[in-house]
Amino acid sequence: MKIHGVDITNPDKILFPESNSSKLDVINYYKNFSGQIMPFLKGRPLTLRRFPDGVNHQGFFQKNASDYFPDFIKTVEVQTDDGKNVSVVCNNLKTLLYLANQGTIEFHTWLSRIDKLNKPDKVVFDLDPASGSFNSLKNAAEVIREFLDKKGIRCKLTTSGKNGLHLWYTKRRTQTFDQSREEVKHLAEELIGLYPDLLTIEMRKDDRDGKIFIDYPRNSYGQTTICPYSLRATLNGSIATPISWEELSSIKSSQEFNLGNISKRRRH
DNA sequence: GTCTCTG
DNA sequence: CAGAGACAACGCAGG
DNA sequence: CCTGCG
Ligand SMILES: [Mn+2]
Ligand SMILES: [Mn+2]
């Protein structure tokens with residue numbers, strides 16, 4: 001079977017046993033939502049998370065493009081602390097479908113683009129809840145939004161598809177990753193001054209006291225965040241989904257949207 | 001999912 | 001030939 | 001140096 005010229009193997013293999021979703025379901029999801037996900041993938045180094053035998057089996061992260069990946073897949077060399085990686089870049093539909101056929105469930109993207117790897121064009125406030133209470137997480141997102149709004153920064157919102165929320169905005173590519181991260185850290189410290197019982201940047205889990213962790217180190221060089229519209233390797237096939245601020249009030253968890261209901265979601 | 005190494 | 005292993009480091013905080 | 005963290 002071929003879709004857009006890409007060989008699809010084992011289309012009936014079940015990758016999400018709980019929702020009975022097959023490999024073809026995954027590939028069709030990425031095909032049908034390519035218009036939404038591609039703008040977020042284009043031009044950015046990727047880390048893949050693959051589950052060739054389904055999310056109930058062992059999966060693996062992949063930072064380096066496999067030698068056997070076809071020529072239509074773009075790659076980029078990125079410097080690491082000790083050497084380099086050859087990252088995959090998903091610039092077209094064929095690449096997206098090929099990687100999906102490879103069992104890629106999750107696409108994690110850099111905060112910078114390949115033509116200026118050392119200057120991020122995105123800032124993310126990665127909000128990681130200690131556990132349970134999604135309501136306090138929503139509250140945290142709201143107060144951070146208002147805080148940034150007063151500084152003239154308009155941010156957007158994405159469910160991570162697991163437990164947290166990502167609040168993010170774009171900027172001109174003038175700062176290094178170190179500068180960007182330090183700026184987010186300072187903003188987070190200011191926020192903690194205002195909401196000491198709600199937010200924390202303590203690195204040790206034991207020191208977080210049930211508060212919401214603003215994971216500012218996500219803004220460091222070489223780090224990735226889950227790409228908007230990426231599937232997650234959860235039993236229900238949840239999806240990292242951009243949502244409006246109005247929509248935030250009505251959702252009950254970060255896994256609100258999944259393979260089964262994403263198509264019926266009201267558009268914004 | 002595919003390659004490579006080992007027996 | 002079948003079966004097992006690899007496929008991710010990494011960048012930072014804090015002690 | 002080490003471990004924890006995501
Ligand atoms: Mn998170
Ligand atoms: Mn995080």
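Numbered from 1 within each chain, the chains take letters A, B, ... in sequence-line order. Just so we're clear, the structure is a prediction, and the values are computed from it rather than from any experiment.
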At under 4.0 Å between heavy atoms, what does [X] touch on the DNA or RNA strands: base, sugar-phosphate, or nothing?
X        : answer
A/Tyr216 : sugar-phosphate
A/Asn64  : sugar-phosphate
A/Tyr221 : sugar-phosphate
A/Asp128 : sugar-phosphate
A/Lys162 : nothing
A/Arg181 : sugar-phosphate
A/Lys13  : sugar-phosphate

Check every atom of [options] against the side chain of [X] and return the nucleotide holding the closest atom.
X        : options              : answer
A/Lys63  : D/dC5, B/dG1, C/dA9  : C/dA9
A/Gln62  : C/dA8, D/dT3, C/dC12 : C/dA8
A/Arg208 : D/dG6, B/dG1, C/dC10 : D/dG6
A/Ser220 : C/dA9, B/dG1, C/dG11 : C/dG11
A/Gln223 : B/dG1, C/dC10, C/dA9 : C/dC10
A/Arg218 : C/dA9, C/dA13, D/dG6 : D/dG6
A/Asp215 : C/dC7, D/dG6, B/dG1  : D/dG6

If the C1' atom of D/dG4 is compared with that of C/dA9, how far apart are they to the nearest Å?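 D/dG4 and C/dA9 have their C1' atoms separated by 15 Å.
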Please state the P separation for the pair C/dA8 and B/dT4 - nearest whole angstrom.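 Approximately 15 Å lies between the P atom of C/dA8 and that of B/dT4.
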Considering the options A/Asp121, A/Asn91, A/Thr109, A/Thr224, which one meets the side-chain hydrogen bond (donor to acceptor under 3.5 Å, both in side chains) requirement together with A/Arg44?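 Among A/Asp121, A/Asn91, A/Thr109, A/Thr224, the one meeting side-chain hydrogen bond (donor to acceptor under 3.5 Å, both in side chains) with A/Arg44 is A/Asp121.
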Gap between atoms [atom1] and [atom2], on [X] and [N] respectively (whole Å):
X        : N      : atom1 : atom2 : value
A/Asp53  : C/dG3  : CG    : C1'   : 14 Å
A/Arg49  : B/dG1  : CZ    : P     : 17 Å
A/Asp206 : C/dG15 : CG    : C1'   : 14 Å
A/Glu182 : C/dA13 : CD    : C1'   : 11 Å
A/Leu111 : C/dG11 : CG    : C1'   : 13 Å
A/Arg50  : C/dA6  : CZ    : C1'   : 11 Å
A/Asn219 : D/dG6  : CG    : C1'   : 13 Å
A/Phe213 : D/dC5  : CZ    : C1'   : 7 Å

Within less than 4.0 Å of OP1 or OP2 of C/dC10, is there a side-chain N or O belonging to A/Thr80?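 Checking C/dC10 against A/Thr80, a side-chain N or O does come within under 4.0 Å of OP1 or OP2.
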Is A/Asn10 close enough to B/dG1 that one of its side-chain N or O atoms is under 4.0 Å from OP1 or OP2 there?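 Checking B/dG1 against A/Asn10, a side-chain N or O does come within under 4.0 Å of OP1 or OP2.
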Is it true that [Y] and [X] share a donor-acceptor pair across their side chains at a distance under 3.5 Å?
X        : Y        : result
A/Tyr68  : A/Gln102 : yes
A/Ser133 : A/Asn135 : no
A/Ser112 : A/Lys122 : no
A/Ser22  : A/Asp25  : yes

Distance under 6.0 Å and angle within 45° of the ring axis: does A/Arg50 meet both against A/Phe60?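 So A/Arg50 doesn't make the cation-pi contact.
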